[in-house]
There are 2 protein chains.
Amino acid sequence: MVKLKDDKKITQIFQAALKLVAKKGLSGMTMGDISKEAGIATGTLYVYFTSKDELINALFAACRESSVQVSFKGYQPHTPFKPGFRHIWLNILRYKLQNFEESVFMEQCYHSPFITADTREKAQQLSAPFYQLIERGKKEQLIKNIDTGLLITFMIGTMNELVKQTHYSGITLNRSRVNTTFDLCWDALKA
Amino acid sequence: MVKLKDDKKITQIFQAALKLVAKKGLSGMTMGDISKEAGIATGTLYVYFTSKDELINALFAACRESSVQVSFKGYQPHTPFKPGFRHIWLNILRYKLQNFEESVFMEQCYHSPFITADTREKAQQLSAPFYQLIERGKKEQLIKNIDTGLLITFMIGTMNELVKQTHYSGITLNRSRVNTTFDLCWDALKA
DNA sequence: AATATAAGTGAATAAAAATTCATTTTAGCT
DNA sequence: AGCTAAAATGAATTTTTATTCACTTATATT
């Protein structure tokens, strides 16, 4: 046989895990839960991952990669800064809203014994494009001249909170509400 | 005998739990860990709390209460809005920086099966003064006319992120850095 | 000092969860 | 169709963790 381990099944496992974390938190998620939610046997999880630790690290890495990848989709580095920034901001917001469970999972992982230093390191490296973006804004004197890391944390933090707030309040983010919120963020960062 | 269960011991248990959550996450904290960290026997935990669930809920409630209590310390409702707002903002920031482990714990609790609806409800009720504060700012046309809940989430969210960023980067928040960050927040919220 | 009761202990038990593995099913290949 | 090896299974096992409880220690009251 040539068939290699099914990517579709890994996705299925990941989806199940995300769903459970959003519902019960990382601490309340067992391998039994995951398998049941994914509709497979517990043993099957161990065909794809050697341990719960590995499963969680793999999920963390996959989430991180996918979110960064989506963030810059359609971004034209040559267009003026503000519209470009806005484009990316909207990409991120859309992603976070559509993948709420992922946001929750990532937040929970931040302080957890599961994520290894190595996984963390690799995630950090993926932040480089965001740093470049903000640096450009600072160079063009459109963005406040404050530590870039701080500005990024601020920007991402506000989005996280906005997404949480939106999700729990049940308010739908129509175009005008999104605009207002972007202005909130832009007013904070702009020089 | 009249002596009632020692408040000092409860504090000791709480401190131990917070330390562990910050280090290993909520999911990695066992009753055994807590007792060892607190320097008491495992059984003693059950003298003070009927279960792990109860312990965590009690800690959550205590943290929430203490943070709200500190936030408004020294606030003069009669002084102009911006300095008053700034005063509270600084109270919160100071509190979060000095009680980093608590912030981590609260964040982790947000999505966890431990916190009961009742505990959550009571925590929410403590937010009323923040709502009043923002409402006042809106009435005086100093704060953007956006959903109050959103503005509060935004304000708190940015502080959380700032605190995380500060904690991990190892950068000390000197006076000027704090000022810049307050401006960041104020620029976002101001009308 | 004697007594009574609360507080504290930690080994023993029970409950929950992770992991293994002998076995069965599935899918590609000739 | 028959063969082969990967994939999947889930009951059994191991490991971890929460909880109990018979007992000891500390403390207030008389």
Visitor: To the nearest Å, give me how far apart CG (B:Leu45) and P (C:dA7) are.
Guide: 15 Å
Visitor: Counting the atoms with a prime plus P, OP1 and OP2 as sugar-phosphate, which does A:Ser51 contact under 4.0 Å by heavy atoms, base, sugar-phosphate, or nothing?
Guide: sugar-phosphate
Visitor: Looking at the side chain of A:Tyr46, which of C:dT19, C:dG10, D:dA8 is the nearest nucleotide?
Guide: C:dT19
Visitor: A:Glu121 and A:Gln125: side chain to side chain donor-acceptor pair (under 3.5 Å), yes or no, with the steps?
Guide: CA-CA 6 Å; A:Glu121 172 68 25; A:Gln125 283 166 11; 3.1 Å; yes
Visitor: Expressed in angstrom and rounded to an integer, what is the separation of B:Ile13 atom CD1 from C:dA7 atom P?
Guide: 12 Å
Visitor: Looking for any heavy atom pair under 4.0 Å, which part of the strands does B:Ile40 touch: base, sugar-phosphate only, or nothing?
Guide: sugar-phosphate
Visitor: Do you reckon A:Tyr95 sits in the same ILVMFWY cluster as A:Val163, going by side-chain contacts under 4.5 Å, direct or chained?
Guide: no
Visitor: Between B:Lys23 and B:Glu101, is there a side-chain N and carboxylate O pair less than 4.0 Å apart?
Guide: no
Visitor: Checking contacts here: which listed nucleotide (C:dA7, D:dA8, D:dT19) is nearest the side-chain heavy atoms of B:Thr42?
Guide: D:dT19
Visitor: So what does A:Thr30 hit on the nucleic acid, given a heavy-atom distance under 4.0 Å: a base, only sugar-phosphate, or nothing?
Guide: sugar-phosphate
Visitor: Measure the distance from CD1 on A:Ile34 to P on C:dA18 and round it to the nearest whole Å.
Guide: 8 Å
Visitor: Which of the following nucleotides, C:dG10, D:dA8, C:dG8, is nearest to the side chain of B:Ala41?
Guide: C:dG10
Visitor: Among C:dT19, D:dA18, D:dT9, which nucleotide has an atom closest to any side-chain atom of B:Lys52?
Guide: D:dA18
Visitor: Give a yes/no on whether any side-chain N or O of B:Thr44 is located under 4.0 angstrom from OP1 or OP2 of C:dA7.
Guide: no
Visitor: Considering residues at least two apart in sequence or located in another chain, which fulfil the side chain to side chain donor-acceptor pair (under 3.5 Å) criterion with A:Thr119?
Guide: A:Asn57, A:Thr116
